Amino acid sequence: MTDSQQVRVRFAPSPTGYFHVGGARTALYNWLFARQREGKFILRIEDTDRERSDESWTGGIVSALTWLGITWDEGPFHQSERRPLYDAAVATLLDRGHLYACDCTREIVEARTKDRATPGYDGFCRDRGLEPGIGKALRFRVPDTGITTVHDLVRGDVEFANETIEDFIIVKSNGDPLYVLAVVVDDIDMKITHIIRAEEHLPTTPKAVLIWQALDAAPLPLFAHLPVLVNEKRQKLSKRRDRVAVEDYRQLGYLPEALRNYLCLLGWSPTEDREVLTIEEMISEFRLEEVNRSPAFFDEKRLAHFNGLYIRALSDEEFIERSRPFISGEHALWTERQFDEGLFRSLAPLVQARIATLGEIPGYVKFLFAAPFEMDEPSFEKAVRRDELAVTILSEARSAYAKAEFEVEELKELLISIGEQHDRKLAKTQAPVRVATMGSTVGLPLFESLVALGREEVLRRIDGAILRANEEG
RNA sequence: GGCCCCAUCGUCUAGAGGCCUAGGACACCACCCUCUCAAGGUGGAGGCACGGGUUCGAAUCCCGUUGGGGCUACCA
């Protein structure tokens with residue numbers, strides 16, 4: 001390609017399972033590159049294998065990309081709808097002698113090559129002059145000598161000796177084209193200039209180059225093979241064994257901008273030790289040539305850190321809006337009637353400062369809305385049963401709060417003075433009250449929470465705790 | 001097995017021959033702040049896989065070893 005050409009990249013996932021973070025990273029890099037070069041980003045669904053494709057997965061890809069803010073300029077195209085193009089390319093290749101029919105079954109090929117030093121197809125049908133047709137696959141005649149070079153922007157030139165590449169199948173015996181052919185035909189047809197994809201595709205790239213050259217229809221694209229994302233055991237992220245679905249992270253309460261930022265940093269980094277980047281900064285600073293070559297571990301802890309950063313950067317109002325899916329609807333721990341938006345708003349900033357994912361919100365405010373009131377037993381044991389002064393403090397707090405102004409400072413001062421009478425610091429005094437009213441030793445600041453609960457409920461819960469401590473203690 | 005890729009703290013990375021006494025971030029530890037828990041602040045521990053070269057000088061270049069990974073389907 002030349003510099004004057006418009007940049008055209010594509011993201012081409014196969015709809016064979018949940019859309020995962022590795023795919024999202026690949027899509028993001030393609031998208032950033034296209035935006036930076038003012039080119040086009042094309043979405044193409046690689047569903048040449050009908051038996052392995054499912055329309056529902058395509059919907060998942062589309063919604064995940066949309067959620068991440070990765071928009072496409074053309075598509076989504078489906079390979080399954082572009083069959084005529086592949087057939088025409090096959091005709092051309094056949095015409096030029098690049099293909100030959102083969103009727104060897106997989107078993108026969110394996111039996112024949114089992115003892116040979118070089119595995120793979122042995123070229124048995126190369127010169128048998130079989131007539132193409134149903135029941136026979138079409139293989140690409142790979143040159144016996146020479147080198148096929150892949151020009152890769154992140155790895156440099158990668159060379160493959162042609163003798164190590166087998167005569168691979170391009171059309172199945174049932175007439176269906178294979179991915180290796182479809183991808184090349186589509187990339188040529190869509191005038192793709194840069195192929196940015198995961199490293200796992202690198203070994204098949206020389207085959208694509210060979211087909212591309214045999215078709216002789218367009219200059220070769222530039223490649224960029226991104227390092228794979230791995231799990232803690234340093235194996236390629238797998239849909240089967242690892243939690244990788246973008247949708248899962250969405251459900252857990254990760255912000256798309258945080259996931260995007262984290263993903264951007266898995267394999268590339270900007271200068272000056274910066275890590276939090278706006279989308280504009282990513283677009284202007286991203287460089288394919290600076291992408292790392294080694295596999296990167298997808299670290300959820302680090303992702304959570306970024307998510308916390310992004311959550312804390314939200315304005316009060318934005319935080320409330322982002323919270324909605326987690327505080328109402330079918331996943332809420334309470335009914336719509338039990339929920340009170342005003343009360344939630346009053347405590348929201350305190351929640352916002354404490355969480356790393358939006359999914360943690362319910363845990364912080366369930367003491368306010370969920371019925372029946374849930375008591376954490378270990379907390380009760382620790383702060384009430386094992387504290388001989390707990391019941392005394394609860395009783396005194398109850399009396400004081402019964403007639404107090406229900407306001408943060410007032411409630412705090414009252415508890416401080418109760419503590420002083422028993423020579424206790426507030427940290428210790430507040431524990432039984434917190435557990436009695438909020439159900440746990442940990443949680444939101446106590447006095448703000450008491451105000452939200454209201455006098456009546458606070459007194460009721462303290463009474464309940466005293467009763468419970470006495471009857472079971 | 002064959003082909004290919006890779007190799008800086010546990011993790012993500014900065015580093016393109018002298019700026020490195022190897023920088024930042026997550027996680028971890030300590031302290032500060034503090035009504036609990038977080039958040040925030042300060043500090044700490046922790047790394048160039050190994051061996052040869054090249055060079056006045058190597059984390060940086062070359063070769064080898066070792067280790068990891070990917071691919072090896074009439075899947076994508």
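Every heavy atom of this structure was used, including side-chain atoms; hydrogens, water molecules and symmetry mates were not. Just so you know, these numbers come straight off a predicted model, no measurement behind them. Below, chain A is the first sequence line, B the second, and so on; all start at residue 1.
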- When the P atoms of B:U11 and B:C5 are considered, how many whole Å apart are they? 24 Å
- Would you say B:A7 has OP1 or OP2 under 4.0 Å from some side-chain N or O of A:N292? no
- Message: Does A:F298 reach a base, just sugar-phosphate, or nothing at all? Heavy atoms under 4.0 Å.
- Response: nothing
- Item | Aromatic ring proximity A:F286/A:Y29, centre distance under 6.0 Å | yes
- Query: With a 4.0 Å cut-off on heavy atoms, is A:P445 in touch with a base, just the backbone sugar-phosphate, or nothing at all?
  - Reply: base
- Message: Is there a salt bridge (Lys or Arg N to Asp or Glu O under 4.0 Å) between A:R44 and A:E46? Walk through the geometry before answering.
- Response: CA-CA 6 Å; A:R44 188 172 77 214; A:E46 312 259 293; 2.8 Å; yes
- Within 45° cone of A:F373 ring axis and under 6.0 Å: A:R461 NZ or CZ: yes
- Side-chain donor/acceptor contact of A:S294 with base of B:C6 under 3.5 Å: no
- Message: Closest-nucleotide mapping onto RNA chain B: is A:D157 or A:S173 further toward the 5' terminus? I mean the 5' end.
- Response: A:D157
- With a non-hydrogen cut-off below 4.0 angstrom, is A:L303 in contact with a base, only sugar-phosphate, or nothing? nothing
- Item | Between B:A16 and B:C20 - P atom distance, rounded Å | 11 Å
- Message: Give me the distance, rounded to whole Å, that separates B:C29 from B:C63 when you measure between the C1' atoms they each carry.
- Response: 42 Å
- Could you tell me whether the phosphate oxygens of B:C71, OP1 or OP2, come under 4.0 Å of any side-chain nitrogen or oxygen in A:K236? yes
- Message: Does the structure show a Watson-Crick or G-U wobble partner for B:G64, both distances under 3.5 Å? Name it, or say none.
- Response: B:C50
- Hunt down the Watson-Crick or G-U wobble partner of B:A25, both distances under 3.5 Å, from any strand shown, or write none. B:U11
- Message: For a quick test of reading the model: is some side-chain N or O of A:K412 closer than 4.0 Å to OP1 or OP2 of B:C35?
- Response: yes
- Please measure how far the C1' atom in B:U42 lies from the corresponding atom in B:G53, and state the result in whole Å. 46 Å
- Here the distance between atom P of B:C6 and atom CD of A:E199, to the nearest Å, is 8 Å
- Distance test, side-chain N/O of A:R274 to OP1/OP2 of B:G23, below 4.0 Å: no
- Message: In whole Å, measure the gap between the C1' atoms of B:A14 and B:C9 for me.
- Response: 13 Å
- Query: Quick one: does A:E300 reach the base of B:C26 with a side-chain donor-acceptor pair under 3.5 Å?
  - Reply: no
- Task: Look at the side-chain N and O atoms of A:R354 and state whether any lies under 4.0 Å from the OP1 or OP2 oxygen of B:A39.
- Result: no
- Message: Regarding A:E448, tell me which of base, sugar-phosphate or nothing describes its non-hydrogen contacts under 4.0 Å with the strands shown.
- Response: base
- Quick one: does A:R155 reach the base of B:C5 with a side-chain donor-acceptor pair under 3.5 Å? no
- Counting only Watson-Crick or G-U wobble pairs whose two distances fall under 3.5 Å, which nucleotide matches B:A45? none
- Message: Is the phosphate of B:A14 approached by A:S269 (side-chain N or O, under 4.0 Å from OP1 or OP2)?
- Response: yes
- State plainly whether the residues A:D103 and A:R128 are in salt-bridge range, i.e. N to O under 4.0 Å. yes
- Can you check whether A:T48 has a side-chain N or O nearer than 4.0 Å to OP1 or OP2 of B:A76? yes
- Task: Could you work out the separation of B:G15 and B:A58 based on their C1' atoms and round it to a whole Å?
- Result: 12 Å
- Query: So what does A:E200 touch, heavy atoms closer than 4.0 Å: a base, only the sugar-phosphate, or nothing?
  - Reply: sugar-phosphate
- Task: With P as the reference atom in both, quote the distance from B:A39 to B:A49 in angstrom, rounded to an integer.
- Result: 33 Å
- Side-chain N or O of A:K172 less than 4.0 angstrom from OP1 or OP2 on B:C75? yes
- Message: Just to be sure I understand the rule, does A:I169 reach a base, reach only the sugar-phosphate, or reach nothing, if contact means heavy atoms closer than 4.0 Å?
- Response: base
- Can A:H225 be said to stack with the base of B:G70, given centres closer than 5.5 angstrom and planes under 30 degrees apart? no
- Message: For a quick check of understanding: with a heavy-atom distance under 4.0 Å over all strands, which category does A:G267 fall into, base, sugar-phosphate or nothing?
- Response: sugar-phosphate
- Query: Would you say the base of B:A25 and the side-chain of A:R302 have a donor-acceptor pair closer than 3.5 Å?
  - Reply: yes
- Look at all strands and tell whether A:C104 reaches a base, only sugar-phosphate, or nothing, counting heavy atoms closer than 4.0 Å. base
- For B:G46 and B:G23, measure between their P atoms and round to the nearest Å. 12 Å
- Message: So A:Y179, base contact, sugar-phosphate only, or nothing? Heavy-atom distance under 4.0 Å.
- Response: base
